[in-house]
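Heads up, the thing below is written out as structure tokens.
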Amino acid sequence: MGFPWYLKPELLLHAEMLEQQDILAQASETSYRRNQMQDKQIAALSQRVTELEQQVFALEALLVEKGILPPPPQEPQTEPDTPVMFPCRVETPIFCPRCGKKQSGNRNFCYNCEVPFTYETEQTP
């Protein structure tokens with residue numbers, strides 16, 4: 001450190017503490033800057049995720065409009081215990097009107113929400 005011999009040891013200790021204080025202050029400032037930079041990066045990434053979600057929703061709407069994707073399920077149309085009426089049993093997949101899950105068209109109830117299915121005609125076409 002190069003201090004003269006006539007300086008008291010307390011002053012040397014004080015100088016060392018001041019140096020340690022400077023080091024800690026620099027480390028704290030560096031950490032604060034790093035945290036600010038990370039906060040900015042997080043905000044930018046959150047904004048980008050929002051933009052991408054909007055693009056996905058717009059693309060999904062376009063694909064539904066063009067008939068490439070099936071329309072999203074609507075809100076439940078029936079009460080929980082009210083059976084859903086279908087014209088007849090079919091071999092092709094159907095969508096549950098209550099929860100929107102795709103399933104076989106000859107079931108007695110929905111595998112997901114367990115709403116009962118009834119059929120006007122029990123025979124398959």
Side-chain angles (χ1 to χ4, degrees):
M1 281 205 305
F3 288 107
W5 62 270
Y6 52 83
L7 289 176
K8 296 181 182 176
E10 303 89 49
L11 293 177
L12 290 176
L13 288 176
H14 181 69
E16 288 177 9
M17 286 191 296
L18 288 176
E19 285 177 18
Q20 287 296 325
Q21 185 179 8
D22 288 342
I23 291 170
L24 289 174
Q26 288 174 354
S28 175
E29 184 177 328
T30 302
S31 176
Y32 178 74
R33 278 188 268 138
R34 189 176 325 124
N35 287 344
Q36 281 185 323
M37 187 171 54
Q38 286 176 347
D39 289 345
K40 286 179 184 178
Q41 289 174 339
I42 289 170
L45 288 172
S46 295
Q47 181 180 356
R48 182 67 178 142
V49 165
T50 302
E51 291 170 359
L52 290 172
E53 284 175 341
Q54 290 172 350
Q55 289 176 4
V56 165
F57 292 143
L59 179 62
E60 185 179 63
L62 179 66
L63 292 175
V64 167
E65 182 182 309
K66 299 289 183 181
I68 297 171
L69 287 180
Q74 302 295 322
E75 291 296 318
Q77 302 288 324
T78 62
E79 294 298 320
D81 295 331
T82 306
V84 175
M85 179 67 76
F86 289 102
C88 62
R89 294 180 187 268
V90 292
E91 297 299 321
T92 58
I94 61 168
F95 290 93
C96 174
R98 182 168 168 218
C99 68
K101 295 292 181 180
K102 185 177 182 180
Q103 54 201 306
S104 175
N106 59 6
R107 297 181 56 90
N108 291 328
F109 58 91
C110 175
Y111 75 90
N112 184 53
C113 66
E114 298 182 359
V115 66
F117 292 164
T118 57
Y119 301 93
E120 292 175 9
T121 307
E122 282 297 318
Q123 296 177 356
T124 58

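If you read the sequence from its start, that first residue is 1, and numbering goes on from there. The analysis underlying the following values was restricted to heavy atoms, covering all of them including side chains, and did not include hydrogens, waters or symmetry mates.
Note that Arg34 lies outside the cation-pi zone of Tyr32, set by a 6.0 Å cut-off to the ring centre and a 45° limit from the axis.
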Next on the checklist: Using the rule given for side-chain contact (heavy atoms from CB on, under 4.5 Å), can you reason through Cys96 versus Phe117, listing the C-alpha separation, both sets of side-chain angles and the distance that settles it, and then say yes or no?
Outcome noted: CA-CA 9 Å; Cys96 174; Phe117 292 164; 4.3 Å; yes
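Cluster membership check: Leu62 does not share its hydrophobic cluster with Ile68, using side-chain heavy-atom separations under 4.5 Å among Ile, Leu, Val, Met, Phe, Trp and Tyr. Residues Val115 and Phe86 are members of one and the same hydrophobic cluster, defined by side-chain heavy-atom contacts under 4.5 angstrom among Ile, Leu, Val, Met, Phe, Trp and Tyr. Note: the hydrophobic cluster containing Val84 also contains Val90 (ILVMFWY, side chain heavy atoms under 4.5 Å, direct or indirect links).
Atom CD of Glu19 is separated from atom CG of Leu24 by 12.0 Å, given to the nearest 0.5 angstrom. Distance check, rounded to the nearest 0.5 Å: CD1 of Ile94 to CD of Gln103 gives 5.5 Å. In this structure, CZ in Arg98 is found 9.0 Å from CD in Glu114, a value given to the nearest 0.5 Å. Atom CG of Leu59 is separated from atom CG of Leu52 by 12.0 Å, given to the nearest 0.5 angstrom. Separation of atoms NZ (Lys40) and CD (Gln38) is listed at 12.5 Å; rounding is to 0.5 Å.
Under the 3.5 Å distance criterion, the side-chain polar atoms of Ser31 are left unmatched by any main-chain donor or acceptor of Ala27.
Ser104 meets the side chain to side chain donor-acceptor pair (under 3.5 Å) test with Asn106; sequence neighbours excluded. Under the salt bridge (charged side-chain N to carboxylate O under 4.0 Å, His left out) criterion, Glu29 pairs with Arg33, not counting sequence neighbours.
The minimum heavy-atom distance between Arg107 and Arg89, with the atom names listed, is O-NH1, 3.6 Å. In plain terms, the two heavy atoms of Pro70 and Phe95 that are nearest each other are CB-CZ, 4.4 Å.
Shown here is Gln21, whose CD atom has no more than 12 heavy atoms of other residues, nucleotides or ligands within 6.0 Å.
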